[in-house]
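Labels below follow one simple rule: chain letters A, B, ... track the order of the sequence lines, proteins then strands, and each chain is numbered from 1.
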2 protein chains.
Amino acid sequence: MPVRWTMKSSRAEPYLKIGDVARRVGVSPSVIRSWESLGLTHPRRTESKYRLYTADDVRLLKRARFLRKVRGLNAAAIVELLRREGRARPAADGNAGAIGSHLRQLRAQRKLSLARVARAVDISVGFLSALERSQMSGSVGTLRKLARFYKTNILDFFDATGASSRQVRPAQRKVLEAGPGVRMELLAWGNTVMEPHLFRVAPLAGSGDSYTHEGEEFLYVLRGELMITLEKEEYRLKAGDSFYFESATPHQWKNTGRAETWLLWVNTPPTF
Amino acid sequence: MPVRWTMKSSRAEPYLKIGDVARRVGVSPSVIRSWESLGLTHPRRTESKYRLYTADDVRLLKRARFLRKVRGLNAAAIVELLRREGRARPAADGNAGAIGSHLRQLRAQRKLSLARVARAVDISVGFLSALERSQMSGSVGTLRKLARFYKTNILDFFDATGASSRQVRPAQRKVLEAGPGVRMELLAWGNTVMEPHLFRVAPLAGSGDSYTHEGEEFLYVLRGELMITLEKEEYRLKAGDSFYFESATPHQWKNTGRAETWLLWVNTPPTF
DNA sequence: CACAACCTTGCTATAATCCCGCAAGGTTAG
DNA sequence: CTAACCTTGCGGGATTATAGCAAGGTTGTG
């Protein structure tokens with residue numbers, strides 16, 4: 001029995017959640033989400049980010065399933081075909097699209113296989129393939145590991161425009177959104193020995209899994225709070241606190257407060 | 001430098017061979033052949049079966065390559081898209097199409113993976129996948145191994161229509177083309193202890209690789225000649241000769257004459 | 001309020017497909 | 001005669017597709 005949702009300022013119309021849709025269409029929720037990342041559907045979301053599907057979405061997905069299972073078309077082709085039928089519009093390519101293409105380009109230049117890079121970076125082959133095809137998104141930790149592997153700056157995944165000037169005003173900062181709720185603003189770039197960022201971290205957002213790399217890191221809490229875990233030891237930082245540690249120590253962090261946290265974060269050497 | 005071919009009763013027009021086309025399009029000859037089996041191209045052939053491509057074919061294949069590499073569409077989708085553009089017509093599904101679908105159905109019914117069946121039958125996963133999708137064709141030996149694995153009659157791959165009557169006239173025989181140049185006509189079928197065939201083998205056609213299975217086999221040369229090899233020992237048969245052997249002995253055969261060879265061939269138990 | 005059943009994101013393991021090359025033997029064209 | 005091509009049948013490895021899971025949050029019902 002589908003749950004009835006009503007959105008504010010929209011007409012009362014039955015919506016379905018992803019599990020309901022999966023059962024009706026005959027594919028798993030994972031597949032529906034991956035088709036969404038290709039642009040097949042654009043479901044609205046509740047405030048807690050639950051996806052909401054309409055009856056039209058279900059019809060579209062059923063047709064997609066038919067094209068997939070019976071006609072053997074892959075997802076990219078299904079989107080193309082349905083776009084030509086005026087029934088679908090492709091996903092807006094943002095930074096995510098650029099990241100993926102750039103990753104594949106870096107790997108192709110080095111004539112490396114997916115397996116080779118995945119092993120070196122300790123992620124699965126399928127995940128790396130999906131990252132390169134912009135079908136999955138990676139956490140800060142994962143992108144950093146990839147940047148390190150390719151001996152490149154994490155910024156290069158977004159926009160490579162030479163070195164910064166000495167003075168960088170707020171509006172001039174290079175901005176990158178790495179993972180949900182984490183916004184990185186680079187304060188200096190180019191041939192620098194230190195890599196300074198300003199992190200803006202939404203409540204509950206963080207680095208994802210524990211990770212490690214070479215170098216040293218210094219961070220200063222400008223506002224809000226942060227929980228950082230090193231080797232299973234937890235530290236609760238608040239505005240005015242600073243923190244210095246070796247990057248080789250396994251670590252992960254998260255904003256446990258109710259407001260956005262701002263961090264000044266410097267690491268050396270830079271991730272190049 | 002493209003070789004210039006002129007077909008009888010067609011206007012002089014430059015044709016290309018598959019290697020030339022592969023270089024111009026930027027994919028390998030194997031890929032061009034596999035796209036052909038899906039219906040992307042329908043090249044004419046010389047008497048010795050060399051494929052001949054036109055400039056239109058090259059353009060079509062270049063577009064296919066673009067759709068594949070840049071847009072990420074798979075081959076089935078490319079054919080569908082180009083068909084909709086009126087630029088391609090799908091492959092005529094013959095027995096090959098039926099065999100593939102049937103193989104996949106048998107595997108699905110038993111809830112087996114490609115890897116599981118491929119291992120049991122000693123072929124590769126990719127090859128079995130291609131067989132099921134009618135993208136590659138198998139030799140007599142391979143089809144027999146699969147029939148044995150699924151405990152079914154090789155005939156069931158073609159047309160299952162119950163048992164034969166006692167008397168079977170030539171026009172009533174079940175006919176199956178198994179591999180190039182080999183035509184099998186079944187002389188009795190259904191619940192039989194023996195499985196009699198009439199094989200019509202074109203010059204140079206044969207069983208392909210050596211193979212083995214349980215049972216006993218008897219064959220009689222009606223016309224033409226046949227070379228059969230058992231455990232690396234060769235036998236040259238001609239009209240009137242007969243031959244009896246245990247199927248467990250590794251064997252392979254071939255028509256080494258200049259004319260079509262007709263064989264009466266009985267094995268027991270049937271491949272069920 | 002408790003809790004079952006759902007959702008989220010990030011990621012894995014496995015299944016399936018795609019690509020290209022090779023063996024064996026035949027053909028072409030210089 | 002021979003190098004370089006073709007044929008078919010098939011393998012090995014690379015890549016993609018699918019479904020599930022962990023950890024943690026949300027929903028809705030009793």
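- OP1 or OP2 of D/dT7 sits under 4.0 Å from a side-chain N or O of B/Arg51.
- As rounded to whole Å, 13 Å separates atom P of D/dG11 from atom CG of B/Leu114.
- Distances shown here put a side-chain N or O of A/Arg107 below 4.0 Å from the OP1 or OP2 atom of D/dT15.
- Residue B/Ser48 is in sugar-phosphate contact alone, with no base atom involved, counting any heavy-atom pair closer than 4.0 Å across all strands shown.
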Practice task
Begin from the C-alpha positions of A/Val117 and A/Leu146 and carry the test side-chain contact (heavy atoms from CB on, under 4.5 Å) through to its verdict.
Solution key: CA-CA 8 Å; A/Val117 177; A/Leu146 282 163; 4.1 Å; yes
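- Separation of atoms OG1 (B/Thr256) and CG (B/Leu237) is listed at 9.0 Å; rounding is to 0.5 Å.
- Atom CG of A/Asp20 and atom C1' of D/dT27 are 13 Å apart (whole Å).
- Atom CD1 in B/Ile32 sits about 13 Å away from atom C1' in D/dC6, given to the nearest Å.
- Side-chain contact between A/Asn255 and A/Glu225 is present, with heavy atoms from C-beta onward closer than 4.5 Å.
- Base engagement by A/Ser124 is indicated by at least one non-hydrogen atom pair under 4.0 Å involving a base atom.
- Between the NZ atom of B/Lys17 and the C1' atom of C/dT27 there is a distance of 9 Å, rounded to whole Å.
- Atom NZ of B/Lys254 and atom C1' of D/dG9 are 13 Å apart (whole Å).
- When side chains are defined from C-beta on, B/Val21 does not count as touching B/Arg51, because their heavy atoms never get closer than 4.5 Å.
- If you check C/dT9, C/dT17, C/dC6 against the side chain of A/Lys49, the one that comes closest is C/dT9.
- Nucleic acid contact for A/Arg116: none, since no nucleic acid atom lies under 4.0 Å from a heavy atom of the residue.
- Rounded to whole angstrom, the span from the CG atom of A/Leu204 across to the C1' atom of C/dT8 amounts to 12 Å.
- In summary, A/Arg23 and A/Asp20 engage in a salt bridge, as defined by a charged side-chain N under 4.0 Å from a carboxylate O.
- With respect to the salt-bridge test (charged N to carboxylate O, under 4.0 angstrom), the residues B/Arg33 and B/Glu36 do not qualify.
- At least one side-chain heavy atom of B/Arg133 sits less than 4.5 Å from a side-chain heavy atom of B/Ser129.
- Atom CG in B/Leu128 sits 8.0 Å away from atom CZ in B/Arg104 (nearest 0.5 Å).
- Mapped onto DNA chain D by nearest heavy atom, B/Thr142 and B/Gly19 fall at different nucleotides, with B/Gly19 at the one closer to the 5' end.
- Within the 4.5 Å cutoff, the side chain of B/Phe149 has no heavy atoms near those of the B/Leu106 side chain.
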Handout entry: Contact state string [nucleotides 18-24 of chain C, B base, S sugar-phosphate only, - no protein heavy atom under 4.0 Å]
Key = BSBB---
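- Here the CG atom belonging to A/Asp56 is positioned 12.0 Å from the OG1 atom belonging to A/Thr41, to the nearest 0.5 angstrom.
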Handout entry: Base-pair map of DNA chain D as dot-bracket, where | denotes pairing with a different strand and pairs are Watson-Crick or G-U under 3.5 Å
Key = ||||||||||||||||||||||||||||||
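- For the pair B/Arg45 and C/dT27, the criterion of a side-chain N or O lying under 4.0 Å from OP1 or OP2 is not met.
- Spacing between atom NZ of B/Lys111 and atom P of D/dA19 amounts to 14 Å, rounded to whole angstrom units.
- Rounded to whole Å, atom P of C/dA16 lies 15 Å from atom CG of B/Leu131.
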